[in-house]
Structures are given as C-alpha cells and as structure tokens.
J.: 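Can you keep this structure in mind? I'll have questions shortly.
Just the heavy atoms: all of them, side chains too, but no hydrogens, waters or symmetry mates, feed the values below.
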Amino acid sequence: ECRPCTRGGAIREGRVSSSGLVVGLTGATGHIGGLLLARLAAGPEVAEVRSVARRPLRPAEGGPGPGRVVHVCADVRDPGARTALEGVDVLYHLASQVWQGAGPDSLRAMAEVNVEGTRNILRSGPGAVVLVSSASVYGAWPDNALPLDEAHRPCPNHECPYAGQKLLAEAICGQEAGTWAIVRLAAVLGPHADARVARAVRGYRLAVPAVRGVRQAVQWLHEADAV
C-alpha cells in the first residue's frame with residue numbers, strides 16, 4: 001500500500017539543494033536496499049545518498065562517482081544512525097529484522113529494531129519518508145478476499161511477530177513523519193534474493209501439498225518491480 005500523508009504536503013521548501021536531492025537510506029546491505037542504493041546512486045537527480053546499516057557496504061554497492069554514497073555503520077536504534085540521516089530530503093527506511101533470533105530476549109530485541117529503531121530513524125527530521133512495510137500485516141486468514149487489495153483491514157497473525165511489528169512501525173511513521181508513504185511489499189524474489197527466503201520458497205514447493213478443488217493463493221514480487 002502507498003498512502004499519502006494527511007498532515008503534510010510536498011517536500012518542505014528549502015530542503016532540496018540546487019545540486020540535487022540528498023537521500024537517506026537504511027538497510028542498504030540487504031536484498032532490496034542494495035538494489036535501491038544502486039538505483040539512487042545512479043540517478044541524475046540525486047546529489048548524495050546517506051546510507052546507514054550495521055554492516056559495511058561491499059565495493060560494488062558504493063555506486064558511481066566518488067563521494068556519491070556516504071555510508072555509516074550503525075544500528076538503527078543508535079543515536080549515531082539518527083545523526084547520520086539528519087536533514088535528508090527523502091528517507092527510505094528499509095532496515096528491519098525479519099527473522100526472530102534464539103534466546104529468551106529474542107522477541108524483545110526484534111521489536112526494538114523494528115519498532116523503536118523506526119522511531120529513532122524518523123526523528124532525524126527528513127523532508128519526506130518512504131517506509132517499506134510488509135503485506136504480512138494483512139495476515140493469513142481463511143476468510144481473506146481473493147485477490148486481497150490495500151483496502152483490506154490489517155490483521156496480523158499472532159504467530160508472525162514481524163507482521164505485528166511492521167504495523168506498529170507504520171503507526172509510528174504517521175506520528176513522526178510529516179510527508180510519508182508506506183509500501184507494503186509481498187515476499188520479494190529474484191537473482192539477488194535473500195538466501196533464507198530462497199530456501200523457504202524451495203521448502204514450500206516441496207512440503208506444502210496442493211489440494212484439489214481448493215484455491216490456494218501465494219504472492220511473490222520480483223525484485224525489479226520492488227525498486
């Protein structure tokens with residue numbers, strides 16, 4: 001879903017320099033973030049990309065032109081991540097934790113990244129925000145409409161904490177950002193797909209039976225359409 005802000009308008013006057021946009025990006029070391037970084041760095045309207053991720057960028061992710069991409073290694077929960085993105089014209093927030101780790105505090109740590117990390121990043125004061133959320137917020141329920149569109153009421157499954165945390169992150173975006181859009185992506189596949197997602201897809205094909213006479217809906221999005 002892509003929803004315009006009801007409390008804002010265009011990018012605030014005076015935020016865009018004459019030399020082009022200054023764009024912030026979180027999650028550039030991930031699947032979608034890496035592809036988006038390359039596209040932004042090659043865009044003639046972009047003067048600079050300020051990237052924040054926990055890991056350093058690979059050389060190929062730096063984009064064309066010296067100094068076009070400024071990367072900071074930081075967790076989205078850290079003050080340093082917020083500082084690195086202060087005052088950007090547009091912020092693409094992709095960083096998230098999809099998979100719950102092990103241990104008794106793993107769910108809390110996951111929520112800190114996806115919910116409080118989002119709040120921290122948005123307080124950097126961007127001119128506009130694009131928050132990448134997930135179609136999982138609609139939940140997998142037997143009475144879901146087919147096809148399922150953006151007007152459907154979100155209802156995350158309790159078994160999927162990532163979905164519930166993404167819905168909370170959307171609410172924070174509405175509270176903290178002035179001009180914003182939320183994009184709810186389905187599972188993304190393609191040549192650069194996350195290895196764990198690719199393994200999950202192969203496992204689905206092998207382990208989930210097809211029931212004759214029953215409609216079974218699975219949605220995937222190609223990476224080229226995501227960025």
Side-chain angles (χ1 to χ4, degrees), residues 1-3 23-37 40 49-57 61 71-82 84-85 88 90-103 105-124 126 129-140 154 156-177 180-190 192-200 219-221 223 226-227:
E1 181 185 21
C2 182
R3 302 185 296 181
V23 179
L25 173 63
T26 68
T29 56
H31 177 200
I32 307 301
L35 296 172
L36 180 57
L37 175 62
L40 290 172
V49 181
R50 298 181 188 171
S51 169
V52 170
R54 288 180 297 178
R55 302 190 305 272
L57 295 177
E61 293 170 330
H71 182 70
V72 172
C73 290
D75 190 292
V76 292
R77 297 168 289 183
D78 296 340
R82 184 175 66 247
L85 297 168
V88 299
V90 183
L91 170 63
Y92 291 88
H93 181 39
L94 279 69
S96 64
Q97 182 178 333
V98 179
W99 312 95
Q100 183 178 345
D105 294 330
S106 60
L107 185 59
R108 176 187 58 80
M110 183 180 179
E112 286 180 356
V113 171
N114 293 335
V115 180
E116 295 309 317
T118 296
R119 191 189 308 276
N120 180 53
I121 289 297
L122 296 186
R123 287 183 174 174
S124 63
V129 175
V130 178
L131 174 69
V132 174
S133 185
S134 169
S136 65
V137 301
Y138 298 113
N157 297 90
H158 296 301
E159 302 86 353
C160 182
Y162 173 73
Q165 292 164 12
K166 274 298 188 183
L167 197 58
L168 289 173
E170 291 183 11
I172 290 171
C173 185
Q175 296 163 5
E176 298 286 346
W180 52 270
I182 293 171
V183 183
R184 292 173 176 165
L185 297 182
V188 180
L189 296 177
H192 305 89
D194 185 286
R196 287 171 293 185
V197 174
R199 285 197 299 269
Q219 184 178 19
W220 311 106
L221 179 66
E223 60 185 36
V227 298

J.: Nearest 0.5 Å, please: how far is OG1 in T26 from CG in D75?
T.: 11.0 Å
J.: State, to 0.1 Å, how close A193 and H31 come at their nearest heavy-atom pair, and which atoms those are.
T.: CA-CE1, 3.3 Å
J.: Roughly how far, to the nearest 0.5 Å, is the CD1 atom of I172 from the CZ atom of R119?
T.: 4.0 Å
J.: Please round to the nearest 0.5 Å and tell me the distance separating atom CG of L185 and atom NZ of K166.
T.: 9.0 Å
J.: Quick one: closest heavy-atom pair of A28 and L37, and the distance?
T.: CB-CD2, 4.0 Å
J.: Give, for atom CH2 of W180 and atom CG of L122, the distance between the pair rounded to the nearest 0.5 Å.
T.: 11.0 Å
J.: Is the shortest side-chain heavy-atom distance between R184 and Y138 below 4.5 Å?
T.: yes
J.: In Å and rounded to the nearest 0.5 Å, what is the CZ to OG distance from R82 to S124?
T.: 8.5 Å
J.: For R108, check salt bridge (Lys or Arg N to Asp or Glu O under 4.0 Å) against everything at least two apart and list the hits.
T.: D105, E112
J.: Nearest heavy-atom pair of N157 and A140: which atoms, and what distance?
T.: OD1-N, 2.6 Å
J.: Run the side-chain contact (heavy atoms from CB on, under 4.5 Å) check on R50 and V23 step by step: do they pass?
T.: CA-CA 6 Å; R50 298 181 188 171; V23 179; over 6 Å; no
J.: Measure from the side-chain N and O atoms of H71 to the backbone N and O of V49, and report whether any donor-acceptor pair falls under 3.5 Å.
T.: no
J.: Does the pair V130 and L91 meet the rule for a side-chain contact (heavy atoms from CB on, under 4.5 Å), with working shown?
T.: CA-CA 6 Å; V130 178; L91 170 63; over 6 Å; no
J.: Taking only residues two or more places apart in sequence or in another chain, which ones pass salt bridge (Lys or Arg N to Asp or Glu O under 4.0 Å) with R123?
T.: E176
J.: Evaluate the side-chain proximity of L189 to E223: yes if any heavy-atom separation is below 4.5 Å, no if none is.
T.: no
J.: Side chains of P126 and V90: does their closest heavy-atom pair fall under 4.5 Å?
T.: no
J.: So which atom in A163 and which in V137 form the shortest heavy-atom distance, rounded to 0.1 Å?
T.: O-CG1, 3.5 Å
J.: Closer than 3.5 angstrom, by distance alone: can the side chain of S96 be matched with the main-chain N or O of V98 as a donor-acceptor pair?
T.: no
J.: Where is the tightest heavy-atom contact between V76 and A95, given as atom of each residue plus distance?
T.: CG1-CB, 3.7 Å
J.: Hey, are the side chains of L94 and L36 touching, using non-hydrogen atoms and a 4.5 Å cut-off?
T.: yes
J.: Compare all side-chain heavy atoms of R54 with those of C73 and state whether any distance is below 4.5 angstrom.
T.: no
J.: Looking only at non-hydrogen atoms, find the nearest pair between V72 and A84 and report the distance.
T.: CG2-CB, 3.8 Å
J.: Just one of Q165, H93, E170 clears the side chain to side chain donor-acceptor pair (under 3.5 Å) bar with S133, so which one?
T.: E170
J.: List the steps and the verdict of side-chain contact (heavy atoms from CB on, under 4.5 Å) for Y162 and N114.
T.: CA-CA 8 Å; Y162 173 73; N114 293 335; 4.0 Å; yes
J.: Side-chain contact test, heavy atoms from C-beta onward, threshold under 4.5 Å: evaluate it for I121 versus L85 and give yes or no.
T.: yes
J.: Looking at A81, is its backbone amide N or carbonyl O close enough to the side chain of N120 to form a donor-acceptor pair, meaning the two atoms are under 3.5 Å apart?
T.: no
J.: Working note: Y92 + L40, criterion side-chain contact (heavy atoms from CB on, under 4.5 Å); need CA distance, chi angles, decisive distance, verdict.
T.: CA-CA 11 Å; Y92 291 88; L40 290 172; 4.1 Å; yes
J.: Give, for atom SG of C173 and atom CG of L131, the distance between the pair rounded to the nearest 0.5 Å.
T.: 5.0 Å
